[in-house]
> 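So that we are looking at the same thing, I have put the structure below in structure tokens.
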Amino acid sequence: MNKTVALWLAVGWAGYAVLPWYAIDDGFFGFAWFDGFPTNIDSAPAILQVMDHGRAWLLPIGLALVAPLAVLWRGGAKPWAATVLMTAGGLGLAYIVAQGFAIGLGGWEFGFIESAFGELGDRQFGMGYGALLVIGAFLFFLTQGLAKRGVINGDAFVVGSIGLVIALIAAFIVFPVASILISAFQDNDENFAPALFFIKLFSRDIWGTDCLTSTLTCGIAWNSLLMATLVGASTTVLGLAFALIATRTGFRAKKILRVLTVLPIVTPPFVIGLAVILLFGRAGSVNTFLEWAFAIEPTRWIYGLPGIWLAQMLAFTPIAFLVLIGVVEGISPSMEEAALTLRADNWRTFTTVSLPLMRPGLANAFLLGFIESLADFGNPLVLGGEFDVLSTSIFFAIVGAQVDQGRAAVLAFVLLAFTLSAFYAQRRWLGRKSYATITGKGDAGLHVRLPKRLTRTIYATALPWAALTAVIYCMIMFGGFVETWGFDHSFTLRHYTEAFSITTGLHGLVWSGAAWNSFWTTLEIAAISAPLTAGIGLLAAYILVRQRFVGKDAFEFGTMLSFAIPGTVIGIGYILAFNVPPIEITGTGIILVVCFVFRNMPVGVRAGIAAMSQIDKSLDEASLTLGATSFATLRKVVMPLLRPAIVAALVFGFVRAMTAISAVIFLVSANYDMATSYILGRVENADYGLAIAYSSVLILVMLAAIILIQGAVGTRRLSRRDTQQFGLEGGAA
Amino acid sequence: MTTGYKAASVQFQGVTKAFGSVVAVRDISFTIEAGSLVTLLGPSGCGKTTTLRLIAGLEMPTSGRILIGDRDVTKLPATDRDVSMVFQSYALFPHMTVLENVAYGLRVSGMAKPEAHAKAEDELALVRLEGFGERLPSELSGGQQQRVAVARALILEPQVLLFDEPLSNLDAKLRRRMREEIHDLQRKLGLTSVYVTHDQEEALAVSDRIIVMNNAVVAQEGSPHELYESPVNVFVADFIGDANLVKAEIKSVNGEIAVVRIGSIERRLPHRGLSPGEVDVAIRPVSIILSNDTSVEGMEGSVLKSTYLGNHIEYTVDSPLGELFVIDYRVDAPLPRGATVSIDLAERGITLVVDES
Ligand SMILES: Nc1ncnc2c1ncn2[C@@H]1O[C@H](COP(=O)(O)OP(=O)(O)O)[C@@H](O)[C@H]1O
Ligand SMILES: [Mg+2]
């Protein structure tokens with residue numbers, strides 16, 4: 001125990017007395033700050049900021065770091081040791097946060113402090129690695145103290161983990177969302193203006209219903225709702241059809257079906273939109289053919305709701321499928337057999353037993369489709385035409401001709417309200433009945449055959465759809481090799497060389513292609529964020545499944561919250577929160593990593609919870625009674641059994657970081673451009689060839705990465721007969 | 001009874017454990033002597049597992065003190081207690097071989113692999129599983145898995161060894177054999193062992209002492225013989241070996257002996273501190289003697305139900321004392337349903353019940 005205190009004390013002092021306290025402008029790991037260190041005011045550690053630069057407000061932090069020395073000195077077993085650690089950690093943490101918010105780029109941030117203390121005559125920048133280490137030290141002093149007090153059976157590792165996850169969620173989810181809410185109630189000069197909020201909130205372009213009575217368009221909120229509902233419903237129906245085909249029919253090409261359902265997951269969503277344009281756009285294949293064969297005038301019908309709907313259905317049906325296949329498979333055959341023995345025919349069995357048992361799955365699938373559609377940014381941007389939706393309007397309120405941060409915040413507020421209501425409604429709807437159908441006992445029965453007319457219907461729906469998906473992917477694969485789509489269909493490698501050429505220059509190889517810059521950044525950011533996503537997600541899952549503590553429900557809500565927040569909302573929240581001290585990370589790669597980690601963490605949490613619930617708790621307890629610490633237990637017993645979940649979380653974290661666009665578009669910078677935002681830029685310039693070429697390379701890279709991850713993490717071996725293969729199935733569910 | 005050199009006593013002092021509003025264990029106190037095997041016996045849900053987990057440190061008491069040896073371990077987490085546990089589900093790590101499972105406790109406490117594995121081999125030999133080290137738990141039968149779980153718990157030579165219904169997943173024959181094996185091992189090594197079961201026969205067979213629990217409290221503690229011969233209340237009497245509870249009257253008390261009138265029969269029983277007047281007596285099913293010779297003096301009753309069970313017959317008899325449950329080992333002359341019988345009581349197997357709880 002004292003070793004841990006000593007360690008964190010060393011970390012804390014390193015942060016206070018050795019490392020630069022404030023963030024370094026050109027990046028910490030450029031090490032340009034060595035020049036002039038430690039006396040330079042920009043790179044000085046806190047202790048010198050106090051002594052040489054008169055920043056006396058950093059002094060109390062040092063005092064809070066002195067107190068735990070007493071614990072080290074006099075032994076940690078004394079009852080007062082816990083109090084000292086808790087007080088030092090808790091007060092230190094609170095003080096750092098308070099001074100960070102109180103003193104900003106313009107001196108005092110709040111008028112009332114200024115009037116109390118007078119003008120400060122100084123200012124401070126965003127916190128750097130020095131501050132980060134000190135915050136870490138305070139956090140773990142606090143949790144160590146709590147553990148000594150007997151919280152969670154006195155398990156310091158578990159208390160520390162809980163503290164860490166709570167701190168991260170507070171900083172990177174709650175704080176940005178709160179920033180939006182605050183910003184929504186301010187005018188653009190940061191004055192409190194509730195009246196303006198209501199004016200903006202109830203404006204006609206958000207809620208207008210003109211389309212019902214005239215040819216004008218409706219408000220963007222209605223547009224978004226309509227689109228999300230249509231997409232949610234249709235992806236659920238299609239997903240169910242595919243799930244039934246895959247599990248309940250003798251359909252022979254199930255493998256191909258699987259591939260078709262995995263591909264859209266490794267495809268940036270708007271790439272589908274792009275392919276839809278190539279197929280149905282004005283100069284698209286279908287129109288060209290119709291004009292040539294029947295002299296039908298090409299139209300722009302695809303731009304607007306129909307196009308978005310089509311593209312989103314293509315993109316999100318696999319998600320519905322993956323949710324529903326688990327549910328359809330999970331229905332115990334004996335329930336259906338019971339219905340049959342009670343004289344129900346196939347049709348009645350399906351409608352009165354099977355279908356109602358799928359209700360949670362259907363609700364989940366609808367909810368996911370609904371939220372994904374609301375949050376989708378790329379497809380409405382590419383295909384929207386005159387049809388404005390919330391996610392794109394938020395973007396244009398920030399980067400458009402007239403920047404209106406307040407309007408962006410209000411729109412984000414509406415969008416967030418929609419998704420959270422959808423979550424809430426789903427909870428309410430599913431809350432009352434128990435749908436547990438998997439008993440854990442071996443179930444020898446056979447699933448009831450589907451009624452004939454149903455089989456015919458699902459084939460008639462699903463197979464043409466599968467064909468369309470296949471065509472779309474052919475377009476993506478071949479589109480990159482065509483000179484100009486719709487006009488000149490001659491074969492060319494031009495797009496690939498433009499994007500990915502490598503030439504030999506004076507100093508060896510030169511990555512001269514236009515795409516390399518964003519490509520390497522994307523790979524780097526994805527490779528860094530995937531393990532962090534998996535790590536934090538699984539740690540949170542471990543805490544949720546295995547530990548009991550006060551406030552666990554709130555903890556779970558916090559970990560799942562970012563799932564309900566659309567990417568555009570997170571994007572604007574991050575800009576509002578992290579553009580100014582105390583955490584000033586816009587324009588860095590860190591903000592991208594942080595954004596991906598916390599946006600994708602919920603999937604790690606869910607995968608972890610699902611997997612960990614299947615591991616009997618007595619295994620952990622056996623390990624504990626054999627003298628292993630809870631950390632050793634996690635490492636030696638839980639982790640090896642969690643391999644499938646680890647793969648799922650890693651794959652998902654990686655793929656999502658490579659395909660995401662909605663939040664990313666706000667956060668990229670000249671130094672850190674991401675593949676998706678680069679491609680989208682090309683699409684806006686109608687440079688479809690390069691965009692498609694780049695997209696197909698991304699898809700191949702992701703498939704390769706998935707295979708790599710599976711190889712690296714390995715499978716778990718529970719008996720010699722089954723070496724199970726886990727892949728994407730767990731990943732996107 | 002030998003006492004292992006590390007074996008330690010276990011002491012509960014007014015321990016209560018509540019889960020929210022559910023009180024799983026209420027203010028219980030007992031002492032388990034070093035080197036003895038003590039059983040926690042009681043119906044499902046009475047708090048046995050919780051008591052065991054409190055000893056292991058997997059739960060922390062809401063109030064009260066727990067001592068192992070002379071050391072107060074009330075706040076000590078499981079990792080730091082010298083207590084091992086054999087779980088109801090065995091809890092063998094499915095991704096490790098049998099040998100790795102058994103060596104686990106030594107490995108996490110820092111012993112080098114070759115040494116730990118050598119000791120694990122010895123331990124496997126002790127439970128007669130030489131040569132099974134390289135298998136995975138899924139490749140063993142239930143009884144073998146059980147023995148691996150025991151070996152894994154034994155290897156640390158714990159101060160206290162805990163068993164949570166270790167035999168409940170085995171079939172009846174195997175259960176009997178395993179219980180003998182565990183008993184022998186415990187005696188040989190002189191381990192302090194706490195054994196949870198809801199099966200009274202199992203408890204009687206293996207225990208030095210039995211702690212009977214009911215509704216989160218200790219109903220009675222004593223040797224198997226004491227519990228069977230002088231249960232303090234109806235619950236214990238009924239739970240250990242079944243009992244018929246009937247009303248009776250103490251006519252007089254003379255020294256240690258009370259003269260008790262049960263229906264029309266008089267018996268002389270230890271008075272257990274009771275004075276003349278109305279009492280309850282517990283009568284074992286085997287202590288009720290039926291005969292179809294109605295001419296003998298005694299009570300008269302009629303057979304309501306009769307169940308043939310091979311080596312004995314169970315009767316339900318309507319009598320002036322109420323409905324009685326009777327076990328009769330004379331299987332060659334079964335009494336038919338509806339037969340009128342005379343009822344007599346044996347000299348043994350009848351106890352005055354002290355309290356009503
Ligand atoms: N973790 C828990 N949370 C809430 N209630 C519990 C928990 N563990 C046990 N209980 C309750 O405590 C009581 C005693 O449980 P237990 O000790 O497992 O009984 P036994 O092992 O004798 O069957 C039961 O009513 C049970 O529901
Ligand atoms: Mg139990």
Side-chain angles (χ1 to χ4, degrees), chain A residues 1 77 79 82 147-159 440 546-550 552-553 611 614-644 646 713-724, chain B residues 19-20 49 52-62 73-97 100-111 134-140 148-149 152-156 158 160-162 164:
Chain A
M1 195 66 155
K148 273 179 199 269
R149 273 283 171 82
V151 175
I152 322 239
N153 289 1
D155 194 322
F157 169 74
V158 175
V159 184
R546 287 295 202 253
Q547 308 294 340
R548 293 190 303 251
F549 53 95
V550 188
K552 188 166 150 179
D553 287 342
Q614 292 175 341
I615 303 174
D616 192 1
K617 192 173 180 192
S618 63
L619 291 182
D620 297 32
E621 293 173 347
S623 172
L624 290 177
T625 60
L626 291 168
T629 61
S630 51
F631 179 65
T633 303
L634 194 59
R635 200 163 54 85
K636 295 196 162 184
V637 177
V638 181
M639 293 276 277
L641 292 171
L642 277 186
R643 286 221 171 112
I646 295 174
V713 178
T715 50
R716 63 178 173 183
R717 188 191 63 154
L718 302 184
S719 73
R720 286 186 217 282
R721 258 161 287 134
D722 73 335
T723 26
Q724 288 145 298
Chain B
F19 298 101
T49 298
L52 207 65
R53 293 167 58 85
L54 284 164
I55 302 175
L58 294 168
E59 307 283 357
M60 294 291 152
T62 312
V73 298
T74 311
K75 288 250 162 81
L76 207 62
T79 306
D80 304 323
R81 291 192 193 180
D82 195 2
V83 173
S84 298
M85 181 154 168
V86 177
F87 288 79
Q88 185 167 12
S89 60
Y90 314 144
L92 299 179
F93 306 130
H95 57 301
M96 298 182 193
T97 62
E100 284 166 348
N101 262 287
V102 177
Y104 183 85
L106 297 174
R107 295 284 290 138
V108 293
S109 52
M111 189 183 279
E134 288 314 308
R135 296 208 193 176
L136 288 170
S138 60
E139 295 162 337
L140 298 181
V148 176
R152 185 177 70 176
L154 283 176
I155 198 162
L156 290 172
V160 184
L161 184 58
L162 310 175
D164 189 3

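Chain identifiers are assigned alphabetically (A, B, ...) following the order of the sequence lines, protein sequences preceding nucleic acid strands; residue numbering begins at 1 within each chain. Since the model is a prediction, treat every value here as computed from it, not as a measurement.
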> Do you know which of Thr629(A), Asp616(A), Thr633(A) has the most heavy-atom pairs with chain B at a distance under 4.5 angstrom?
Thr629(A)
> Under a 4.5 Å heavy-atom cutoff, which of Arg152(B), Met85(B), Arg81(B) has the most pairs with chain A?
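Result: the option with the highest number of such pairs is Arg152(B).
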> Could you tell me which portion of Phe93(B) (side chain, backbone, both or neither) has an atom closer than 4.5 angstrom to a non-hydrogen atom of chain A?
both
> Look at atom NZ of Lys75(B) and say whether more than 12 heavy atoms of other residues, nucleotides or ligands are closer to it than 6.0 Å.
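Not more than 12 within 6.0 Å, no.
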> Quick one: does any side-chain atom of Arg135(B) pair with a main-chain N or O of Leu140(B) as donor and acceptor, under 3.5 Å?
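No, the answer is negative, given that no donor and acceptor are paired below the 3.5 Å cut-off.
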> Is the shortest distance from a Lys or Arg side-chain nitrogen in Lys636(A) or Glu100(B) to a carboxylate oxygen in the other one below 4.0 Å?
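Result for this pair is no, no salt bridge flagged.
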> Within a 6.0 Å radius of atom CE on Met60(B), are there more than 12 heavy atoms belonging to other residues, nucleotides or ligands?
yes
> At a heavy-atom separation under 4.5 Å, does Leu58(B) approach chain A through its side chain, its backbone, both, or neither?
both
> Considering only heavy atoms and a distance below 4.5 Å, find which of Ser109(B), Ser89(B), Ala153(B) pairs most often with chain A.
Ser89(B)
> Do Arg548(A) and Phe19(B) form a cation-pi contact, if we require the NZ or CZ to be under 6.0 Å from the six-membered ring centre and within 45 degrees of the ring's axis?
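So Arg548(A) doesn't make the cation-pi contact.
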> Between Leu92(B), Val108(B), Thr79(B), which has the largest tally of heavy atom pairs under 4.5 Å with chain A?
Thr79(B)
